[in-house]
Protein chains: 2
Amino acid sequence: MNSNSRIKETINLLIIDDHKMVREGLKIMMASLKNSVHFNVQEAESGKEALTKINRFNFDVAIVDYQMPGMSGVETIQRILRLKPHLKILALSNYDELSYIESMMDAGANGFVLKNIEPGEMLKALRTILSNKIYYCNDVSIKIIEAAENKNTQKVQLEKILSTRETEVLRMIAMEMTNDEIAQKLFLSKRTIDTHRQNLINKLNVKNTAGLVKAAYKFNLIEQ
Amino acid sequence: MNSNSRIKETINLLIIDDHKMVREGLKIMMASLKNSVHFNVQEAESGKEALTKINRFNFDVAIVDYQMPGMSGVETIQRILRLKPHLKILALSNYDELSYIESMMDAGANGFVLKNIEPGEMLKALRTILSNKIYYCNDVSIKIIEAAENKNTQKVQLEKILSTRETEVLRMIAMEMTNDEIAQKLFLSKRTIDTHRQNLINKLNVKNTAGLVKAAYKFNLIEQ
DNA sequence: AAAAATCTACGTCTTTATACTTAATAAATA
DNA sequence: TATTTATTAAGTATAAAGACGTAGATTTTT
């Protein structure tokens, strides 16, 4: 049914947004694409109404707004997917807030676009998620990449916590070296490395080697 | 000088591409944006010519093609930045190959766009990188996100290597627990955990606890 | 110049981890 | 059914790590 409708380029779509203006805008957008695809559009102004319609009709995609009174976008997605696990979901939002993106995608959305989206991109987004891929509009994907990169930029703080030598020793511990091996490599006494290791455990507030290695990851002393 | 020209919305641009057609296309694109920005455009058909022009004139941005005979796009970027470390660089390519993206960005590019870019997005890209941010066109950023997600999908292999119990113990080791603590939590003998730990070291081909924790990361048993 | 931090190192003791072997029982697989 | 794998457990050692404290020499900061 789903695949048939896609071959005929018919998309059964449910728009879920509490603002009538947004729903109307989206319907006009879909109508403007009628040369490429035929849309069967229905709308719901709340998560509750959406669930009723989803029980009654067969949709290919649901466009779900993030901000809704009552049942939130996140909860709406979760409950939709409990009813129809294979229904594709495109999250819609005014803002490219990372927390919005993460919560909607974690809830099970297949894509996330902003409301300033153009018709051509909307079509691309819908086709992408219908072919089992993820779609983000550009501002959103740049936000995600930035966030991923920032995660790896907290190593600056490392230098405030650990001394150069301690950092060096920590890196070698994470390379599976024993204190003896580290001492030999650095031409130092094994007891010196003992001390460094102890200080590392205290400074980083961990319990043992496992904690040290996790800290080494956090501070990006280990690649990958 | 750079900032002045930006306030006046004048962008001094160098286009580096071996194909005359591409250079002409870009110049037409810049001309079409003359209502928004005034461009001073120069062009170079090789990395060598680019370096000469960069030595002679002051540019704000260089658009650098990936595929060029002789000096490659990557090498061109590296040598440009050795001369002018603060010059912004927009990488240009026909394909959104991850290896292309990575090599150009590693070389020092501030953004990466495909040749099918529209004038409006080109302006956005240039303004973004001129304000010290990174810009990727959408296909490119989706590629990057996909690659990052695939990195975290190799955990399937874990189940082929380790048993359920071993996986459980490994996770607890990575949580900084000792064998004694693990044993108590699982209502098992400490000697059983000793054995599991030894088997983990052998199966995962690591040397000690540090290696086990790294393996736990590789298999995504640890969040972050 | 004085104070603080870093790097070095040792003593002593306890706890944990690592190495290698054996082995019973249950469960899964061939 | 026979064989392999998983899970459990112990014996016996040695190696390594972890927890205290102390302390001189050097470097950095105030």
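Residue numbers start from 1 in every chain, and the chains themselves are labelled A, B, ... in the order their sequence lines are given, proteins ahead of strands. What's counted below: heavy atoms across the whole structure, side chains too, no hydrogens, waters or symmetry copies. Note that the structure is a prediction, hence the values are computed from the model and not measured.
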Could you please name the option among D:dT7, C:dC7, C:dT8 that lies closest to any side-chain atom of B:T164?
D:dT7
Using heavy atoms to find the nearest nucleotide of DNA chain D for B:L186 and B:D194 separately, return the residue whose nucleotide is more 5′.
B:L186
Starting at atom CD of A:E166, determine the distance to atom C1' of C:dA5, rounded to an integer number of angstrom.
10 Å
Between C:dC10 atom C1' and A:L188 atom CG, what is the distance in whole Å?
14 Å
So with a 6.0 Å cut-off around CG of A:N205, is the heavy-atom count from everything else above 12?
no
Heavy atoms from C-beta onward define the side chain here; which of C:dC7, C:dA19, D:dT7 lies closest to that of B:R165?
D:dT7
C:dT6 P sits how many Å from A:L162 CG, rounded?
9 Å
Rounded distance (Å) that lies between atom P of D:dA17 and atom CG of A:N202
16 Å
Selection: residues 176-184 of chain A, any non-hydrogen atom under 4.0 Å of DNA chain D
A:T178, A:N179
Say whether B:S141 and A:S141, considering side chains only, have a donor N or O and an acceptor N or O under 3.5 Å apart.
yes
Nearest-angstrom distance from the residue atom CZ of B:R197 to C1' of D:dT8
18 Å
Using only heavy-atom distances, decide whether a donor-acceptor pair under 3.5 angstrom links the side-chain of A:S163 to the base of C:dC7.
no
May I ask you to say what B:S189 touches in the nucleic acid, namely base, sugar-phosphate or nothing, with a heavy-atom cut-off under 4.0 Å?
sugar-phosphate
Output yes when at least one side-chain N/O atom of B:H196 is less than 4.0 Å from OP1 or OP2 of D:dT8, else no.
yes
Quick one: is A:T192 getting a side-chain N or O under 4.0 Å of the C:dT8 phosphate, OP1 or OP2?
no
Is it the case that the side chains of B:E166 and B:S163 hold a donor-acceptor pair, with the cut-off being a distance below 3.5 Å and no angle test?
yes
Considering only heavy atoms and no angle criterion, is a donor-acceptor pair shorter than 3.5 Å present between the side chain of B:R191 and the base of D:dG11?
yes
Applying the side chain to side chain contact (heavy atoms under 4.5 Å, CB included) test to A:L87, which of A:N110, A:N12, A:I80 qualifies?
A:I80
Of all heavy-atom pairs linking B:V64 and B:I77, the shortest is CG1-CG1, 4.1 Å
I'd like to know if the side chain of B:N138 pairs up with that of A:Y135 as donor and acceptor (distance under 3.5 Å, no hydrogens or angles considered).
yes
Separation of D:dA17 C1' from A:N199 CG (nearest whole Å)
14 Å
Nearest whole Å is fine: how far is D:dA16 C1' from A:I173 CD1?
12 Å
Take the protein atom CD1 of A:I201 and the nucleotide atom P of D:dA17, then report the distance between them rounded to whole Å.
10 Å
Examine D:dA19: is either OP1 or OP2 under 4.0 Å from a nitrogen or oxygen in the side chain of A:Q198? Give yes or no.
yes
Check whether any side-chain N or O of B:T209 sits under 4.0 Å from OP1 or OP2 of C:dT18, and answer yes or no.
yes
Using only heavy-atom distances, determine whether the side chains of A:K88 and A:N132 contain a donor-acceptor pair under 3.5 Å.
yes
Which label fits A:Y95 and A:Y100: parallel for a plane angle under 30°, tilted from 30 to 60°, or perpendicular past 60°?
perpendicular
